[in-house]
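Inspection log for the structure reproduced underneath, given as structure tokens.
Because only heavy atoms are used, hydrogens play no part in the values below, and waters and symmetry mates are left out as well, while side chains stay in. Source: prediction; values computed, not measured. Order of appearance sets the numbers: ligands from 1, and atoms from 1 within every ligand.
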Amino acid sequence: MVSESANSARPVGGKMGALIQGLDWSATPLGAMESWPQSLRMIVDLMLGAAHPAYIVWGPEHISLYNDGYISILGTKHPAALGRPYAEVWPEIWDEFKPLIESTMAGEAQHFLNQPVPLKGRAGRPMSWFTYSWTPVRDDTGGVAGFYCSATETTEQVLAEESRLRLAVDIAELGTWSWDIASGEGEIDERGAEITGLPEGKISNFWETQLSLVHPDDRDHLQAALARGMQGGHSFNLDYRVLHPHGGVRHVAARARIVTDGAGKPSQLVGATRDATAEREAEASLRAARDESERWRQLYETVTATTPDLIYIFDRNYRFTYANQALLEMWGQTWDEAIGKGLLDLGYEPWHAEMHEREIDEVIATRRSIRGEVSFPHAVLGPRIYDYIFAPLVNANGEVEAIAGTTRDITELRELTRQKDEFIGIASHELKTPVTSIKAYAQLLHRQLSRAGESAPADLVAKMDAQLNRLTELIHDLLDVTKIEAGQIQFNDDAFDIDQLLDEVVAEIRPTVDGHHIIRQGRAIAPAWGDRERTGQVLTNLLTNAIKYSPHTEAVILHAASDGQEITIGVQDFGVGIAPEDQPRIFDRFYRAGGPERDTFPGLGLGLFISAEIVRRQRGRIWVESVPGEGSIFRFTIPAVGDDPVAGFGATTQAT
Ligand code: ADP
């Protein structure tokens with residue numbers, strides 16, 4: 001029962017306590033208060049004392065009672081609602097609530113969380129949300145006669161939550177839509193419309209309209225995804241492309257959720273849609289880039305796997321990060337066993353590992369490739385000779401990131417070269433004896449013919465002798481090369497008068513040339529230190545070349561000078577000259593410069609090679625300066641004896 005408390009400022013039960021007290025209940029189906037069952041009185045008492053909004057439904061007519069907290073929920077329905085049947089108080093929700101009220105009256109307690117209830121009579125609130133519990137209450141007869149409802153309004157929280165959600169949808173740039181499956185009608189917001197190409201707002205054939213915009217290649221798979229999703233349950237993804245009315249292809253990523261009716265049958269789809277165009281295009285270009293690099297990788301892989309050369313990559317810590325098939329085979333290891341290991345781990349001897357590590361350091365420091373040759377035993381093939389190149393792999397910051405290496409087995413090449421040298425040696429040696437004999441016979445014949453006054457045949461024999469001299473020179477050159485290769489060339493070092501040697505060589509050459517003048521400029525004065533004969537050979541080579549390669553000019557200048565330490569000899573012509581790309585190679589064995597006139601000049605490409613070897617052995621240098629079409633000047637140095645620094649570019653002597 002409602003009781004008064006003497007020391008309370010506010011009547012117990014508040015406003016509603018007073019109203020309930022004051023109402024003439026006998027005019028209601030509940031009858032006068034005194035006749036109420038004990039349990040009803042008790043829960044009314046409980047309700048009026050409660051701090052939360054509470055409501056009581058009592059009797060077969062569902063008569064309503066409520067407390068102060070509930071007044072705001074009733075809005076304009078208060079105070080008329082007191083003592084009225086539930087159906088009259090809440091006609092707007094009666095249909096929906098009736099079955100629930102019935103099951104509560106049948107004894108089943110109910111609990112609802114954040115339930116939307118479209119209550120009327122509340123200003124500016126088309127929808128309200130509540131968390132509420134219905135507890136069945138029995139009367140004195142033991143049957144359920146009504147229920148006690150405690151309710152908490154959660155509209156504020158739900159709306160706040162909803163606006164947070166809307167914000168999230170906004171930030172995520174999501175479009176939202178809903179589609180009523182039975183009627184086929186759907187609705188999409190502005191952003192959703194922009195993404196999917198659909199018109200904003202209500203659309204009568206929602207799904208068909210969307211399908212008509214879908215890229216033809218994606219239609220079947222989209223239909224299938226929808227069917228699968230509807231069977232699968234709660235929510236699912238739909239990814240498809242649309243041919244957008246604004247032009248271009250857009251990628252749409254939608255997340256759909258199934259809403260079911262009371263019978264658990266899907267009635268509606270609601271969803272959020274995202275524009276995934278940029279993302280898909282980025283994925284596609286990434287895929288394309290990956291495919292492209294994979295293609296290149298396969299290409300390189302094929303090349304490196306099939307070459308007999310060894311191809312590998314070291315990191316900066318001398319560890320192998322790549323080794324091709326040939327190298328793995330040489331090691332007798334698998335990729336997994338070998339990769340990541342260093343030279344020592346892979347069985348290289350310490351001197352060998354150490355050497356390569358220093359070379360790697362050098363490549364890192366200089367960012368330049370290095371080339372070397374090394375001989376070591378192959379696991380299967382025995383001792384081999386290898387030619388290798390280490391090249392820097394420089395990253396975008398200009399740092400050496402790794403070192404790429406290639407190694408070629410040149411054992412066979414070396415062997416072939418050796419055989420060729422051996423053959424040249426034997427052949428020229430074998431040629432030398434008969435040519436010497438023929439020359440002796442020719443000289444004998446010449447003497448006899450001259451004596452007999454047979455001048456015409458004697459001249460012919462003299463020409464024969466001159467050709468035999470050329471042949472002898474070629475044979476000597478070939479023999480020299482063989483000796484140089486074998487390291488067998490003999491040097492008789494001594495001090496000699498180089499100016500005198502120059503005079504002699506010039507005098508020797510003079511009878512063999514027509515139309516060229518050899519002009520002498522300067523004198524060395526100081527004696528030279530070296531092999532006189534070999535130095536003469538160098539001079540002869542340079543002078544005959546100068547004459548040979550200047551068919552249209554006459555002058556050849558022979559320079560001599562000394563700085564006291566060394567003597568520099570220069571042979572200058574004004575002939576065909578040498579192209580810059582040939583200049584570094586003309587001192588190589590058998591190298592002959594290219595160009596249209598090459599075959600008009602006889603030669604084996606040995607003279608400069610032999611000259612360079614001789615000069616080098618005498619601790620001198622040899623080099624060329626040349627301009628094609630203008631001429632060349634070859635210079636070499638030879639050590640001077642004594643410390644007499646007399647430069648001799650003064651006098652010019654015409655020697656021929
Ligand atoms: P070769 O027997 O061919 O003359 P060399 O070793 O003496 O052989 O010279 C090598 C090459 O250098 C020649 O083939 C020629 O192309 C070039 N060469 C040498 N000397 C001259 C020069 N004075 N002028 C132009 N080219 C020259």
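- Every atom of ligand 1 is numbered from 1 in the order shown, and the set under 4.0 Å from a heavy atom of Ser632 is 24 (N).
- Close to ligand 1: Ile578, with a non-hydrogen atom less than 4.0 angstrom away.
- Annotation for Asn397: atom CG counts as buried by contact number, over 12 foreign heavy atoms lying within 6.0 Å.
- Residue Ala593 has at least one nitrogen or oxygen atom sitting less than 3.5 Å from a nitrogen or oxygen atom of ligand 1, judged on distance alone.
- An N or O contact shorter than 3.5 Å links Leu608 to ligand 1 by distance.
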For this session: Given salt bridge (Lys or Arg N to Asp or Glu O under 4.0 Å), test Arg358 with Glu354 step by step and report yes or no.
Result: CA-CA 6 Å; Arg358 293 295 71 81; Glu354 167 78 9; 3.2 Å; yes
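- A ring-centre distance under 6.0 Å is found for His356 and Tyr388.
- Between Phe609 and ligand 1, a contact under 3.5 Å exists for no N or O pair.
- Of the N and O atoms on the side chains of Asp336 and Thr334, not one donor lies less than 3.5 Å from an acceptor on the other residue.
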Exercise. How far apart are the C-alpha atoms of Glu373 and Arg414, what are their side-chain angles, what is the distance that settles it, and do they pass the salt bridge (Lys or Arg N to Asp or Glu O under 4.0 Å) test?
Worked result: CA-CA 12 Å; Glu373 205 176 289; Arg414 274 294 149 80; 2.6 Å; yes
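- Between Phe587 and ligand 1 there is no heavy-atom distance shorter than 4.0 Å.
- Interface atoms of ligand 1 facing Ile586, defined by a heavy-atom separation under 4.0 Å, are 10 (C), 12 (O).
- Separation of the Phe609 and Phe587 ring centroids does not fall under the 6.0 Å cut-off.
- Under 3.5 Å, the side chains of Glu533 and Gln537 contain no donor-acceptor pair of N or O atoms.
- Residue Tyr591 has no nitrogen or oxygen atom sitting less than 3.5 Å from a nitrogen or oxygen atom of ligand 1, judged on distance alone.
- Atoms of ligand 1 lying under 4.0 Å from at least one heavy atom of Leu606, given by number and element, are 6 (O), 8 (O).
- Residue contacts with ligand 1 include Gly577, since one or more of its heavy atoms lies under 4.0 Å from the ligand.
- For the 3.5 Å distance criterion, the side chains of Thr540 and Glu508 fail to qualify, holding no donor opposite an acceptor.
- Less than 4.0 angstrom separates some heavy atom of Lys548 from each of these atoms of ligand 1: 1 (P), 2 (O), 4 (O).
- No side-chain donor from either of His251 and Glu279 sits under 3.5 Å from a side-chain acceptor of the other.
- For atom 8 (O) of ligand 1, the candidate residues are Gly631, Gly603, Pro628, Gly605; the nearest heavy-atom contact is made by Gly605.
- Residue Leu604 places at least one N or O, backbone or side chain, under 3.5 Å from an N or O of ligand 1.
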